[in-house]
Amino acid sequence: MSVTRKNYPFPEFEARWQKHWLEAGAFRATNPGDPDFRTDARKYFVLDMFPYPSGDGLHVGHVEGYTATDILARYHRLKGDNVLHPMGWDAFGLPAEQYAIKTGQHPRITTQRNIDNFRGQLQSLGFSYDWSREISTTDPEYFHWTQWIFLQLYNAWVNPTTNRAESISTYTGEDPDSVRLAFVSDKPVNWCPELGTVLANEEVVDGKSEVGGFPVERRPMRQWMLRITAYTERLITDLDGLDWPESIKLLQRNWIGRSEGAEVRFSLEGLEEAVTVFTTRPDTLFGATYLVLAPEHPLVETITPSAQAEAIIAYKKSCSAKSDLERTDLAKEKTGVFTGAFAINPVNDEKIPVWIADYVLTGYGTGAIMAVPAHDERDHEFATTFNLPIRSVVRADEPQGEKTQGCFSGTGTAVNSGLLDGLRTPEAKSKIIPWLEERGVGRGTITYKLRDWLFSRQRYWGEPFPIIWENGSHRPLTPEDLPVEPPEMEDFKPTGTAEPPLSKATEWVRYSETASRELNTMPQWAGSCWYYLRFCDPKNPERFISKEAEQYWMGRTGTPGGVDLYVGGTEHAVLHLLYARFWHKVLFDLGHLTTPEPFQRLVNQGMILGDDGQKMSKSRGNVVNPDAVVAEYGADSLRLYEMFMGPLEHGKPWSMTGVEGVYRFLARVWRMAMRENQEGNWVLSEDLAEQELTSAQRRVLHATIKKVTQDIESLSFNTAISQMMIFTNEFTNAKPRPLEALRLFLPLLSPFAPHLVEEIWSLLSAKFAGFGGLASQSAWPSWNEDYLIVDEISYAVQINGKVRGHLIVPTGADKESVEKAAFADPLLAEILEGKEVKKVIIVPGRLVNIVLA
RNA sequence: GGCGGUGUAGUCCAAUGGCAGAGACAAGCGACUUAAAAUCGCUCCAGUGUGGGUUCGAGUCCCACCACCGCUACCA
């Protein structure tokens, strides 16, 4: 830390103002019904992705997003809005539990310590959160309602006629458990032996766990699932009405992975069973030269003649032995075995062989494909490896040249395809589907990549399920039984088997003589799926959110989303943001919410890189600790620097000298009002005076109000700061300095550097009029366009687009007089000597372009 | 491999299709100072990754390529 004297005395006042704001409740949002609720104010709900309180503390990446939202929150307060700007903790999760296992400390203790640390760090940055609304997902008063929402899911189904969730009591079929939105499944799941838990598809990357990078294998286990697939269409179409980055919408659409195509039934030679395949290219049916089933396909045993049985069993064994990691590693080499069975192609009655291969996945489509090696790369590779026939049935529009070796997977014209010959690919598709349907051998259909959400984990540190098992069947607890708190346990280590750690709490597990509790817990995502709702009404003991609070904070007219602005990192594009939308829609369908979408406007902050341009990491040694920056340069400098680095959405490298730059700027602002006297104390500057602004000063001031206002609205904080630097450069040396400039400027700076502004504001209010109260609660200034007008404008004079001279004309001159003035210029006359003018283009206020023949 | 994003001064970054520079960092010079720091003032530097195209006019729009970053990956 520097021992030199600070350029401005931030250590003397930053902590003081933080304390003052907190004690005064300066940033408290009011709900309808509160005594000081203002009915005339508009609501503004600006939300951060609440952090997981890790032991490492706050990262400069957190600070970036949190500063952006804090600026918006403070800006909207100054505009008079009722601003909801809350903070909380996503505190269940694997790292806390693993740390607890390592150190023997209960996760509740370490989590509480980390939360206290995070809260202290956030408060030291002056963020204007309404701390009276703080929540933690691990608090029983909070997860009470997480469990309640699970019961809503358990007790609901999506009625196919309305395509909306409703009470399970409206279901008239025989097996309600087959349609519940929360259900039990025995399908193969992602099991991570190292972590001792199962994981959602979204948590598995390259066959490894997203947390820790441990190998993940597939094995069948009894697990709770959430039927997110019932919402695929709405999760896609409702993206349209949201003000989100297109790239994030695209990520979600791709993750949901909608594919239009057809299912086609291939009968099997000598057998009653048939194989149904899914294809997006039914127009290539005539080019299908073999079928492939996934090794786990249920028909494999049935269709395999005894002669082949051994080879098939051996292959299946080798596949299941492979972890997902190995399967992806070996992606290039296609493997497979002929089953010995043959299928009949329904379009031409051709007899084609049936193979099994692990490049066909059991979970997608029907788990079986028709292979068209001439027009699908994977099929082509497989057919080449195993010497299977390749038949071309689509002619490319353009000759493929040398690439006769490869396959053509684009669209073109059907050939060698009987009734489809001569048709373009889209027409061929729409002709063959009705043809298949008429003959009962196929139908048009849509499949999705999105699978149901695996919702249970074999962990201790998570929400217990409000479920009881008795005689092998499950039933829900009632809302009166909530919350279900986890048992106090000394030993919460994973058991090393699929048996969850809660099984060791035998007292807790036993619910009655014959019934026992569900032993799994919910995944970390559960708590973050609805926390934004709880912020609206965090203390309500009766409901997860009151009707009034929900309608007020989440209601919007004309748009589907409730939260006005949501800022966070891209890493949640397909996890949290998809899960939260799903829960929100279920609660909406069940009548608990008024909007169909949770987040209207979403912004992703870019990643802050180390000063070497690399991702910050401990191993690279390029991590910047926000606490150290605050200690050396102050909270305002850190906030301002992170906003000045560049566009919010972009990745940008850290630069300590850049921090010094904004620090010097803040010191200049300080010296606009303050002067250091002989004794080395800061006193109000004698240059300050109630003085009329010059027209040049007034122009800069109002241009600054305009630019900062517009740039905050568009989240262009870096250019807003740049404009405030222009203002400061203009005014630091002005003598006398008009107080009016500070009255209007300080509120502009206060969302960015709130401590500094608050301090100057209070020092000025002691001596001058018009600075009363807190700067954080003053008013946002407005600008006057008239003050921005200048008397004369310089026009560029171009010949054929090249600048050749300049021209000063009075503001507001019409095109004709500008043109006249341009031609009156003797320099121009010289250049134009003997040339023919073809065209004159005049851009008002900017330039004259003379086009010569 | 696919998708998305970004390429502008030594560096970070600005520029509704209209004079490439708002701001900052770094560098240099000067003022103040016994000196230094701090502060103040001034100065320097690119024709916008490459190649085409559209246009009176392109950093900006279109096409192709290159580089870097991010996401995704046998999804039929």
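None of these values were measured; they are calculated from a predicted model.
Comparing atom distances between the Thr719(A) side chain and each of rA22(B), rC19(B), rG41(B) picks out rA22(B) as nearest. Which of rC13(B), rC3(B), rA22(B) sits closest to the side chain of Asn254(A) comes down to rC3(B).
Within the 4.0 Å cut-off from OP1 or OP2 of rC19(B), not a single side-chain nitrogen or oxygen of Arg804(A) is found. Put simply, Ser259(A) has a side-chain N or O that comes within less than 4.0 Å of OP1 or OP2 on rA76(B). For the pair Asn729(A) and rG41(B), the criterion of a side-chain N or O lying under 4.0 Å from OP1 or OP2 is not met. For the pair Asn718(A) and rA14(B), the criterion of a side-chain N or O lying under 4.0 Å from OP1 or OP2 is met. At least one side-chain nitrogen or oxygen of Arg671(A) sits closer than 4.0 Å to the OP1 or OP2 atom of rC40(B). Considering only side-chain N and O atoms, Arg664(A) lies nowhere under 4.0 angstrom from the phosphate OP1 or OP2 of rG23(B). Considering only side-chain N and O atoms, Asn733(A) lies under 4.0 angstrom from the phosphate OP1 or OP2 of rG41(B). Between Asn7(A) and the phosphate of rU39(B), there is a side-chain N or O to OP1/OP2 separation shorter than 4.0 Å.
In summary, Glu260(A) and Arg258(A) engage in a salt bridge, as defined by a charged side-chain N under 4.0 Å from a carboxylate O. No salt bridge links Glu676(A) with Arg671(A); every basic N to acidic carboxylate O contact stays at or beyond 4.0 Å.
The pairing partner recorded for rU8(B) is none, the criterion being a Watson-Crick or G-U wobble arrangement whose two distances lie under 3.5 angstrom. Here rA27(B) sits opposite rU43(B) as a Watson-Crick or G-U wobble pair (both hydrogen-bonding atom distances under 3.5 Å).
Nearest-nucleotide positions on RNA chain B for Lys839(A) and Ile721(A) put Ile721(A) closer to the 5' end.
Protein atom CG of Leu852(A) is 14 Å distant from nucleotide atom P of rC56(B), rounded to whole Å. Nucleotide rA76(B) holds its P atom 12 Å from the CD atom of Glu260(A), rounded to whole Å.
Using the six-membered ring where Trp is involved, Trp670(A) and Tyr8(A) have ring planes that are tilted, between 30° and 60° apart. The aromatic rings of Phe382(A) and Phe386(A) are tilted relative to each other, their planes meeting at an angle between 30° and 60°.
The glycosidic torsion of rG47(B) lies within 90° of 0, which places this base in the syn conformation.
For rC74(B), the base has a donor-acceptor partner in the side chain of Lys334(A) [N/O atoms by modelled type, under 3.5 angstrom]. A donor and an acceptor atom never sit less than 3.5 Å apart when one is taken from the side chain of His650(A) and the other from the base of rC13(B).
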